[in-house]
2 protein chains.
Amino acid sequence: MGSEGIAYVTQPSRTARERIVAGAADMISRRGLNATSIRETAKHARAPLGSTYHYFPEGKQQLATEAVRYTGDLIARSLRKELEAGPVAGLRAFLGLWRKIVVDTDFRAGCPVLAVSIEEPPTDETPAALLAAAAVFEEWESLLAASLRDHGAEPEEAAQLATLIVAAVEGTVAMCRAKRSTQPLDRTAEQLQALILRLCR
Amino acid sequence: MGSEGIAYVTQPSRTARERIVAGAADMISRRGLNATSIRETAKHARAPLGSTYHYFPEGKQQLATEAVRYTGDLIARSLRKELEAGPVAGLRAFLGLWRKIVVDTDFRAGCPVLAVSIEEPPTDETPAALLAAAAVFEEWESLLAASLRDHGAEPEEAAQLATLIVAAVEGTVAMCRAKRSTQPLDRTAEQLQALILRLCR
DNA sequence: GCTAGACTATGACGGTCGTTATAGCCAGTG
DNA sequence: CACTGGCTATAACGACCGTCATAGTCTAGC
């Protein structure tokens, strides 16, 4: 312990609640939702177990939901800013964020939104964390699509390409973890960048 | 029970060992590796728990490894056949396989190879299941890349596009599960098909 | 100072996990 | 017929899980 968590750093200045959420996002991105226990989440955030149920009375589902939204907002904020310099710059920033997470954690962490997306819902109704994951994907896509439209792409084409970008990046991050190499990220980056350049005039 | 598992059907004609592997692949694709217990795997295959450790003496890791290879071979076999009709036909078959799994299971199942890829390795060395996942991705990519080269693509371009296709499909399946919709698959299919057509002359 | 409410500390509950051990069944071979 | 080896049945092991309850500590406002 102590040398591993770099991607979602838990600065001691933040409140205990924020540290728990950020730590949960990090752990979910590494091991998946089901393998992330509330006990370890609390320990990772140097918070007592009891506090977890104080801050998140609805239990694990609420914590997972907030962790998904936390990461979603983190990425969306950066993406929104970089997209001001155009879709290619936005893509580069998007890829760069994930590359940093994957490399900094020695291919151990990935995307918690993806991790939550591939867990089977229990029985009948859709859990809140899965709904949050869908909303995060939607937001990332719409940010990219808007930028593509602003740079001359047809709306339908822009929507398609935005979906492709998000899906490809998520899949590529997973492939990098399996192969313990950033080569998939390099290849995907090349192809997606060419695709944007071709579409925006 | 009885009306849910359609994607990786467990025909009673197969041996108990095969049923356990196929069932494990299905369960991993739904809930992830860590949330798939050997007990439930055995129950799902109508095999006693003791038999699991008889057939797979190395325990859960061995079962997971074989489940990954099982799915990898299943997809690779179909992909190889359809690619004889060209890369576009291959892409269509690839997408169709995943679409069927996602739709038939009401967005509950996905790709077990992806699920294994995003689980953090325990401590020091890479687990066998993760190595198997990397090999499966590699095989799918090389099948696609070879077909693209055979139809006029430059080797480097072919490799890049093959990686993009595998990554995009894996990511898209996850997005479909989160959104409970096949729209991402439709969009990705459109973009990838256009990409192949543009590259192969 | 004192009290209310936010937070911590601690322990327990029933349950499932991976794995192992042991004893039994039941084909097929000699 | 005995017997051997593949497979089953059953129970147990320590460990961890999500959740809840309860009692204690701390701090802000009166």
Side-chain angles (χ1 to χ4, degrees), chain A residues 1 10 12-25 27-28 30-68 112 115-116 119-123 125 127-130, chain B residues 1 10 12-25 27-28 30-68 112 115-116 119-123 125 127-130:
Chain A
M1 158 183 10
T10 61
S13 65
R14 289 189 281 186
T15 72
R17 193 183 198 283
E18 285 171 317
R19 274 183 287 128
I20 293 174
V21 172
M27 291 178 57
I28 291 172
R30 295 170 180 264
R31 338 187 189 179
L33 176 54
N34 254 306
T36 296
S37 75
I38 295 200
R39 275 176 174 79
E40 290 199 59
T41 296
K43 197 172 301 179
H44 185 275
R46 280 168 182 74
L49 175 60
S51 301
T52 310
Y53 283 91
H54 174 77
Y55 291 121
F56 311 96
E58 293 169 59
K60 187 171 185 175
Q61 167 189 237
Q62 183 184 357
L63 179 52
T65 305
E66 297 205 23
V68 167
V116 166
E119 305 247 358
E120 184 174 40
T123 50
E125 61 203 311
L130 193 56
Chain B
M1 155 182 14
T10 60
S13 65
R14 289 188 282 186
T15 72
R17 194 183 197 283
E18 285 171 317
R19 273 183 289 128
I20 293 174
V21 171
M27 291 179 56
I28 292 171
R30 294 170 182 264
R31 337 187 190 178
L33 177 54
N34 255 305
T36 296
S37 75
I38 295 201
R39 276 178 174 79
E40 290 198 57
T41 297
K43 197 172 299 178
H44 185 273
R46 281 170 182 72
L49 174 60
S51 301
T52 310
Y53 283 91
H54 175 77
Y55 291 121
F56 311 95
E58 293 169 58
K60 188 172 184 174
Q61 166 189 236
Q62 182 184 358
L63 179 53
T65 305
E66 297 205 23
V68 167
V116 166
E119 306 247 358
E120 184 174 38
T123 51
E125 61 204 312
L130 193 56

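Throughout, protein chains are lettered first and strands after them, A, B, ... in sequence-line order, and every chain is numbered starting at 1.
Distance, A:Phe56 CZ to D:dG18 C1': 15 Å, rounded to whole Å. Rounded to whole angstrom, the span from the NZ atom of A:Lys43 across to the C1' atom of D:dC17 amounts to 13 Å. Taking atom CG of A:Leu63 as the reference point, atom C1' of D:dC17 lies 15 Å away to the nearest angstrom. One atom, NE2 of A:His54, and another, P of C:dC7, lie 4 Å apart when rounded to the nearest Å. Atoms OH (B:Tyr55) and P (C:dT20) sit 19 Å apart, rounded to a whole Å. Spacing between atom OH of A:Tyr53 and atom P of D:dA21 amounts to 12 Å, rounded to whole angstrom units. Regarding A:Ile38, its CD1 atom lies at a distance of 12 Å from the C1' atom of D:dC20, rounded to whole Å.
Each of D:dA12, D:dC17, C:dA9 was ranked by its minimum atom distance to the side chain of B:Arg39; first place goes to D:dA12.
Counting heavy atoms from C-beta on, the side chains of A:Gln61 and A:Thr65 come closer than 4.5 Å. Looking only at side-chain heavy atoms (C-beta outward), A:Ile38 and A:Tyr53 come within less than 4.5 Å of each other. For the pair A:Phe56 and A:Arg17, the minimum side-chain heavy-atom distance is below 4.5 Å.
Along DNA chain C, the nucleotide nearest to B:Lys60 and the one nearest to A:Leu49 differ in position, and the one closer to the 5' end is contacted by A:Leu49. Heavy-atom nearest nucleotides on DNA chain D were determined for A:Pro57 and for A:Ala35, and the one closer to the 5' end corresponds to A:Ala35.
Residue contacts shown for A:Glu40 are limited to sugar-phosphate atoms, with no base heavy atom under 4.0 Å away. Across all strands shown, B:Glu58 has no heavy atoms under 4.0 Å from either base or sugar-phosphate atoms. Among the atoms of the strands shown, only primed sugar atoms or phosphate atoms (P, OP1, OP2) are found under 4.0 Å from some heavy atom of B:Thr36.
Between C:dC17 and B:Ser37, a contact under 4.0 Å exists linking OP1 or OP2 to a side-chain N or O.
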For this session: Give the C-alpha distance, both sets of side-chain angles, the deciding distance and a yes or no for side chain to side chain contact (heavy atoms under 4.5 Å, CB included) between A:Lys43 and A:Leu49.
Result: CA-CA 7 Å; A:Lys43 197 172 301 179; A:Leu49 175 60; over 6 Å; no
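Proximity of a side-chain donor or acceptor of A:Glu66 to a complementary backbone N or O of A:Leu63 within less than 3.5 Å is not detected.
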